[in-house]
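So that we are looking at the same thing, I have put the structure below in structure tokens.
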Amino acid sequence: MLPDFRVRQRDYLLEISRAITQELNLDSLLARILTISIEMLAGQAGLIALWEERGGWNVAASIGVASPFLRYLETLLTQISNQGDPSLLELSEINHIVQKLTRTASFGLLTGVGLPLVVRRRVIGLIFIFRNYAGVFSSNDRALLESFADQAAIAVYNAQLYTQVSREKQRLDAVLDSAADGILIIAADHRIERCNPAFSRMAGIPQEAILGRRHEDVVVLKKQKDDMTLEKAEAGGWPLTPNATLYVEGDLQRPNGVPLPVGITYAPLMNQEGSLVGIIATVRDITRFREADELKTTFISVISHELKTPVALIKGYVSTLRREDAQWDPSIVQDSLEVIEEEADRLTELIENLLDATRLQAGVLSINLADVALTPLIERIVAKFRTQTTQHEFIIDLPPNLPVIMADENRISQLISNLLSNAIKYSPEGGKIRISGQERSEQIVICVSDEGCGISPEDIPHIFDRFYRSDAAKRTTKGAGLGLYLARAVVEAHGGHIWVDPKTEKGTRICFSLPKDAKRLK
């Protein structure tokens, strides 16, 4: 038969060993340790205080202890340091502190027992057990308490590490799930181990259908920049160092058949021996960057062409008129000067449109509101355009007594002039150009229609985009693709809307609305 203290020691140490191996939830583990401690020391109440790096001592678990005493005890615990040699924290000294605290707080218990929790020569916590009788610990009791405290400290330390790892994983999951860029965690054999929702949306594939598949089966790129892939880079020796990132750009192929321009940055994960153990891939949607590059190319192309033509005409006519070996008829000189003036006006208009487009992009397109009577304004603009063409018949069909609205007269003139100029330009065979309008409860609607070639359905969603011109328009007419872009900007700056009427049987009909009440403007 084992002596009584050996039996007790065996039973309690086996219990705490089971706790170490079976329980990693810190709260459950502390409750289990505290229950065993109270039973082992024949106590009636107890608590466990843990040391936190940022907050100091904190009561993490308690049984049978009144709340007022806990609050008072937490204040006194701040006087106990967790630094220094744990061997200095003798059980007798801890017991003395606890007993003093017990008497001070008038808890009604005669004595208290303190067990320090020490791991790697650092105190991580204290167990306080209160019991209703005084007693002296034998050497066997001390050995049992010290062994139990050592095992309990290891259990608490492991549970704290588990809790810390769990919290870090939760934070990592939150970062991955909330990231706007797609993120893939790839094993060394190119199996995808982790995929965040952003990449799933980009690829158009459910997350569960991505996990476990090979990288090259999911990330299929076309129109690749420099024709580089992860597989080709690895075949060429990548990565040579842990910081050797790889950037790949191309169109990601998706199940819906619509490719997505992406830029992918691969970062290697290497072990201490320098072997590749994994890869982190960050996938970014570069549609806007691609559009910006295409817009820049279009801008340079359009502006170069639009500037070159009038400049060449002006240069040609001026050079011809300056020839000293020729005498020009006054009518020829007059016609030449008219061409020069027209081309100079065209350059001025182009420059003004470019400046307005720049102001719009910067968000500083100015609107100066004043009372504007639309009917006389439209009549003046139409009168000016009648002198520019003999092939078109202008019809003004406005309701009588259109109300005066608050608007920027110069901007509204620019808007209507752009629409009439387009109507003339895109109906070269002539025909009727109608300016109609109607008054609604909260807005005025103005429409400009022509009998020209019209707008194809596939071009309608884009005609108000900056620098956009349909293929047919590029072949038959001049222009920079800024007129309707600026028209939309002017209308929206006034709080209105502009649209293409898709039901027009012949030609094009573009309408815009303006609010009657200036207070509706933002």
Discussion item. Do Y426 and T508 have side chains that approach each other closer than 4.5 Å (heavy atoms only, starting at C-beta)?
Written reply: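 No. Closest side-chain heavy atoms not under 4.5 Å.
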
Discussion item. Tell me if the centroids of the rings in Y266 and H215 come within less than 6.0 Å of each other.
Written reply: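 Judged by ring-centre distance (under 6.0 Å), Y266 and H215 do meet the cut-off.
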
Discussion item. More than 12 heavy atoms of other residues, nucleotides or ligands under 6.0 Å from CD of E429: yes or no?
Written reply: no

Worksheet entry | Shortest non-hydrogen contact between C195 and L211, atoms and distance |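 Where C195 meets L211 most closely, the heavy atoms are N-CD2, 3.8 Å.
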
Discussion item. Contact between T229 and V248 at the side-chain level, heavy atoms closer than 4.5 Å - yes or no?
Written reply: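 In short, these two side chains do not touch, never coming nearer than 4.5 Å.
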
Fill in: From CA spacing to verdict: side-chain contact (heavy atoms from CB on, under 4.5 Å), L415, H494
CA-CA 12 Å; L415 162 65; H494 282 80; over 6 Å; no

Worksheet item: Which pair of heavy atoms, one from P268 and one from A244, lies closest together, and at what distance?
Response: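 For P268 versus A244, the nearest heavy atoms are CD-O, 3.6 Å.
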
Item to complete: Please name the pair of heavy atoms, one in N196 and one in I183, separated by the smallest distance, quoted to 0.1 Å.
Response: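 Nearest heavy atoms, N196 then I183: OD1-N, 2.8 Å.
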
Item to complete: Applying side-chain hydrogen bond (donor to acceptor under 3.5 Å, both in side chains), name anything that partners K169, two or more places apart in sequence or on another chain.
Response: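 Per chain and number, K169 pairs via side-chain hydrogen bond (donor to acceptor under 3.5 Å, both in side chains) with D173.
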
Donor-acceptor contacts, no H, no angles, side chain residues 368-386, under 3.5 Å, sequence neighbours left out:
unit_1, atom_1, unit_2, atom_2, d
R380, NH2, E409, OE2, 3.0
R386, NH2, F394, O, 3.2

Item to complete: Can you establish whether the number of heavy atoms outside N401 located under 6.0 Å from its atom CG is more than 12?
Response: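 Atom CG in N401 is not packed in, count stays at 12 or less.
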
Item to complete: Using distance alone, with no hydrogens and no angle criterion, decide if R167 and Q164 have a side-chain donor and acceptor under 3.5 Å apart.
Response: no

Worksheet entry | Closest non-hydrogen atom pair between F289 and R284, with its separation | CE1-CD, 4.5 Å

Practice prompt. Can you see which heavy atom on A198 is nearest to which on A180, and at what distance?
Written response: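 Heavy atoms only, the tightest pair is CB-O, 3.5 Å.
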
Worksheet item: With distance as the sole criterion, is a donor-acceptor pair present between the side chains of D285 and T287 under 3.5 Å?
Response: yes

Item to complete: Could you walk me through whether H190 and L230 pass the side-chain contact (heavy atoms from CB on, under 4.5 Å) test, one step at a time?
Response: CA-CA 10 Å; H190 287 194; L230 174 63; 4.0 Å; yes

